[in-house]
Amino acid sequence: MEETMTALPDVPLPAGIRSRYVDGINGLRMHVLEAGFETKGRPCILLLHGFPELAFSWRKVMPALAAAGYHVIAPDQRGYGRTTGWTADYDGDLAPFRLFNLVRDALGLVSAFGYRQVDLVGHDFGSPVASWCALIRPDIFRSVTMMSAPFGGPPPLPFGTVDAPTQVLAEDPVHRELAALPRPRIHYQWYYSTRTANADMHHAPQGVHDFLRAYYHHKSADWTDNKPYPLNSWSAGDLAKLPTYYVMDLNETMAETVAKEMPSPAAIAANQWLPDNELAYYSAEYGRTGFQGGLQWYRCGTSAAFNNELQLFSGRSIDVPSCFISGKQDWGTYQRPGVFEAMQKSACTKMLGCHLVDGAGHWVQQEQPIEVSRLLLDFLAKTY
């Protein structure tokens, strides 16, 4: 493994960011990007990416955070990029990819760098990891910023049921109902949990590069049909209103789904937030690793295999200062009906800001990095 790692090309980073490896992090050799490392004694901010992304997704906000006096650390998380020590086999063990172990990864990294307290930011699937970090270890994660994926709180335990008839929770009927619609559909997280999902994307007919280009475009503010609004309920009828990258046509792969929205060569050439040479880094990394590492995270959720341990924190809230930042054109804010509202009402007790950034879809810190950096620094200033 070591030889192939050393043969990898340099990460195409802006000035002031370096790439390095940290050994012995909960069984991983973690690849991290780092900024503001030149001087000791700075406060630390940890950035956790989502799917299908990498530490590289933070490249545009890291210099601004470092310039403001922070030591900024962004890892390739378990299952991703140049971090090694994990295996992702469809028939293998899902347990290393469960939320508690991802929290343990983050905790180990912070500890290795010698910090007793850090500020935390998570985007997309990195957002629930960050949320659970703040919920479980508020002594270490002194503030949390969630991006694109709101946190509605831990799963509840059945309460006051001692004299009630025993209820066996069957599988969520919404998936059967989606499949039974006149236009049959499937929720993307359940598609991502299928055996074929990795190969569909890793060996996409259009190639990994064009697959990612279409995927990133489809979920961005550049796709003009992204005009999100709150949905009423977790029902087939409501979920079917989501774009096809969230609620897919039943018999289409994700590669086929996004191919229909592939931007024109002129649109690609004009793209400022993700030029082709930067996308090439993502496509080379995913071409090398495949997608299964990230897909294992979804499978932990859709199987509900680890819900019992999450219920250990039933009724607990995030009580450190918190903030939510999402793109105004990002359906992620509303993809689970009621969660955006629950986050503000009960799941977070010290929410200091909730921002929907215009001109950004799902990739908010890449599409609008100047505004995201400003909002982050403004929030962090309020937490001291």
Side-chain angles (χ1 to χ4, degrees), residues 21-33 44-58 73-89 92-113 115 118-141 143-155 189 192-193 289-313 316 318 320 322 332 336 347:
Y21 294 92
V22 185
D23 284 308
I25 307 300
N26 198 18
L28 301 173
R29 179 180 198 235
M30 218 164 219
H31 175 242
V32 301
L33 302 183
C44 177
I45 185 162
L46 179 68
L47 309 175
L48 302 177
H49 69 80
F51 179 89
E53 296 189 89
L54 298 161
F56 185 68
S57 304
W58 298 104
I73 298 170
D76 282 348
Q77 293 207 77
R78 178 181 296 270
Y80 289 89
R82 299 184 178 192
T83 287
T84 53
W86 53 272
T87 54
D89 172 11
D93 187 9
L94 282 180
F97 297 92
R98 73 197 195 279
L99 277 161
F100 278 10
N101 203 45
L102 301 172
V103 169
R104 172 67 182 80
D105 291 344
L107 195 62
L109 187 61
V110 166
S111 185
F113 272 99
Y115 287 101
V118 301
D119 295 290
L120 185 57
V121 184
H123 173 250
D124 182 78
F125 217 139
S127 177
V129 178
S131 303
W132 280 96
C133 283
L135 188 87
I136 296 172
R137 293 304 303 266
D139 55 324
I140 289 172
F141 300 102
S143 80
V144 60
T145 301
M146 296 156 276
M147 292 188 185
S148 299
F151 181 68
Q189 294 188 6
Y192 276 163
S193 302
T289 64
F291 294 87
Q292 194 63 53
L295 297 180
Q296 301 291 73
W297 295 33
Y298 289 99
R299 293 177 62 210
C300 288
T302 57
S303 70
F306 305 101
N307 257 11
N308 281 357
E309 66 180 17
L310 297 178
Q311 286 176 322
L312 190 56
F313 292 87
R316 289 292 300 270
I318 291 177
V320 299
S322 61
R336 286 195 174 260

Kindly compute the distance separating CG (Leu312) from CD (Glu309), expressed to the nearest 0.5 Å. 8.5 Å
Classify the angle between the aromatic ring planes of His123 and Trp58 as parallel (below 30°), tilted (30 to 60°) or perpendicular (above 60°). perpendicular
Any chance you could measure Ser127, atom OG, to Leu120, atom CG, to the nearest 0.5 Å? 9.0 Å
Okay, side chain of Ser148, backbone of Gly332: is any donor-acceptor separation there less than 3.5 Å? no
Determine, stepwise, if the pair Leu135 / Phe141 fulfils side chain to side chain contact (heavy atoms under 4.5 Å, CB included). CA-CA 9 Å; Leu135 188 87; Phe141 300 102; over 6 Å; no
Rounded to the nearest 0.5 Å, how far apart are CG of Asp105 and CG of Leu28? 5.0 Å
So Val144 and Phe151, side chain to side chain contact (heavy atoms under 4.5 Å, CB included) or not? Walk me through it. CA-CA 11 Å; Val144 60; Phe151 181 68; over 6 Å; no
Any side-chain to backbone donor/acceptor pair from His49 onto Phe56? Under 3.5 Å, distance only. no
Stepwise side chain to side chain contact (heavy atoms under 4.5 Å, CB included) test for Leu102 and Trp132: CA-CA 9 Å; Leu102 301 172; Trp132 280 96; over 6 Å; no
So, the side chain of Asp76 versus the backbone of His31: is there a donor-acceptor pair under 3.5 Å, distance only? no
What do you reckon, are the aromatic ring centroids of Tyr192 and Phe291 less than 6.0 Å apart? no
Sorted by chain and number, sequence neighbours left out, side-chain contact (heavy atoms from CB on, under 4.5 Å) with Asp89 holds for Asp91
So how far is it from Phe125 CZ to Gln189 CD, rounded to the nearest 0.5 Å? 6.5 Å
Using modelled atom types and a 3.5 Å cut-off, is there a donor and acceptor pairing between side-chain atoms of Trp297 and backbone atoms of Arg78? yes
Would you say Ser303's side chain and Arg299's backbone share a donor-acceptor pair under 3.5 angstrom? yes
If we only count heavy atoms from C-beta on, is the Val32 to Tyr21 side-chain gap below 4.5 Å? no
Please list, chain by chain and in numerical order, all residues satisfying side-chain contact (heavy atoms from CB on, under 4.5 Å) with Ala88, sequence neighbours excluded. Trp86, Phe97, Gln292, Gln296
Check for a donor-acceptor pair, side chain of Asp124 on one end and backbone N or O of Phe51 on the other, with a separation under 3.5 Å. yes
Atom CE in Met30, atom CZ in Arg82: separation rounded to 0.5 Å? 15.5 Å
